[in-house]
Amino acid sequence: MKRAFTLIELMIVMLIIGIGLMSITPRFTSKSVGIDPRLEYLDKLIKEEWARSIELGQPIAITGFKGSANLLNHDKESKTLPDTKEISEVSINKYEVRGNEYAIRVYPDGFCDYFELTLNDGRIIESIPLLMTTRYKDENQ
């Protein structure tokens, strides 16, 4: 008499293996791809300020200063953008900021201002307002 696995047993084993792979894949990809510390830091700061704006029921401003990498959250705690000497140019909602101080607003409805920060190395960080994340702006756009 031959002993074999049924189709149901094989499908259950495949499902368990699939779930296991889905749970460990993000760890491997984030280490191999490498998340930029600047973008990760800004994304985390935006999400923290969003939670605060929901608590208060009003928009929150993240204040920055051109010529430095310093940012202030709503509680006026000083933050520094990692691996950055200075932010040389800033535009918010497509308008160039003329003075040294700028404010990026985060709204309780789940979005933030569109902003572009030009870094000392020439790279430009731009926000994706509806996703409340950041990315490097492609020079070809």
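We use all heavy atoms of the structure for the numbers below, so side chains are in, but hydrogens, waters and symmetry mates are not.
Side-chain atoms of Glu49 come within 3.5 Å of backbone atoms of His74 as a donor-acceptor pair (strictly under, hydrogens ignored). In this structure, Ser127 contributes its side chain and Met132 its backbone to no donor-acceptor pair below 3.5 Å. A donor-acceptor pair is defined here as one N or O able to donate and one able to accept, closer than 3.5 Å; no such pair exists between the side chain of Ser53 and the backbone of Ala51. Between the side chain of Lys66 and the backbone N or O of Gly99 there is at least one donor-acceptor pair closer than 3.5 Å. Side-chain atoms of Thr84 never come within 3.5 Å of backbone atoms of Glu86 as a donor-acceptor pair (strictly under, hydrogens ignored).
By the 4.5 Å heavy-atom criterion applied to side chains, Asp83 and Asp36 are not counted as neighbours. The side-chain heavy atoms of Phe5 and Ile12, taken from C-beta on, include no pair separated by under 4.5 Å. Under the 4.5 Å side-chain criterion, counting only non-hydrogen atoms from C-beta, Ile128 is not in contact with Thr134. Residues Leu71 and Thr63 form no side-chain contact, since every pair of their non-hydrogen atoms from C-beta on lies 4.5 Å or further apart. Taking the side chain as every heavy atom from C-beta outward, Leu10 and Thr6 never approach each other to under 4.5 Å. The shortest side-chain heavy-atom distance between Phe115 and Glu126 does not fall under the 4.5 Å cut-off. The shortest distance between side-chain heavy atoms of Arg105 and Ile62 does not fall below 4.5 Å. Side chains of Glu116 and Ile125 form no contact here, defined as non-hydrogen atoms less than 4.5 Å apart.
The number of heavy-atom neighbours closer than 6.0 Å to NZ of Lys44, taken from other residues, nucleotides and ligands shown, is 12 or below.
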Test Tyr114 against Asn93 for side-chain contact (heavy atoms from CB on, under 4.5 Å), laying out the working first. CA-CA 5 Å; Tyr114 174 78; Asn93 297 326; 3.9 Å; yes
Could you walk me through whether Thr80 and Tyr41 satisfy the side-chain contact (heavy atoms from CB on, under 4.5 Å) test, starting with their C-alpha distance in whole Å, then the side-chain angles of each, then the deciding distance to 0.1 Å, before giving a yes or no? CA-CA 9 Å; Thr80 303; Tyr41 187 82; 5.7 Å; no
Begin with the C-alpha distance, continue with both residues' side-chain angles, and end with the deciding distance and a verdict on side-chain contact (heavy atoms from CB on, under 4.5 Å) for Thr118 and Ile87. CA-CA 6 Å; Thr118 304; Ile87 296 170; 5.8 Å; no
Arg52 and Asp75: salt bridge (charged side-chain N to carboxylate O under 4.0 Å, His left out), yes or no, with the steps? CA-CA 10 Å; Arg52 184 82 167 130; Asp75 297 324; 3.3 Å; yes
Leu72 vs Glu77, test: side-chain contact (heavy atoms from CB on, under 4.5 Å). Steps then yes/no. CA-CA 5 Å; Leu72 296 176; Glu77 293 177 64; over 6 Å; no
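In this structure, CD1 on Ile60 lies 4.5 Å from CG on Leu56, to the nearest 0.5 angstrom. Note that CG of Leu81 is 9.5 Å distant from CG of Asn70, once rounded to the nearest 0.5 Å. Phe65 CZ to Tyr102 OH: the interatomic distance, rounded to the nearest 0.5 Å, is 8.5 Å. Interatomic distance, Cys112 SG to Leu42 CG, rounded to the nearest 0.5 Å: 10.0 Å. The CD1 atom of Ile19 sits 12.5 Å away from atom CE of Met14, with the distance rounded to the nearest 0.5 Å. Atom CG of Asp121 is separated from atom OG of Ser88 by 9.0 Å, given to the nearest 0.5 angstrom.
Clustering ILVMFWY residues whenever any of their side-chain heavy atoms sit less than 4.5 angstrom apart, transitively, puts Ile92 in the very cluster that holds Leu45. Hydrophobic clustering of Ile, Leu, Val, Met, Phe, Trp and Tyr side chains at less than 4.5 Å, counting indirect connections, keeps Ile124 apart from Ile104.
The two residues Tyr107 and Trp50 make their nearest non-hydrogen contact at O-CD1, 3.1 Å. In terms of heavy-atom proximity, Pro82 sits nearest to Pro37 at CG-O, 3.7 Å.
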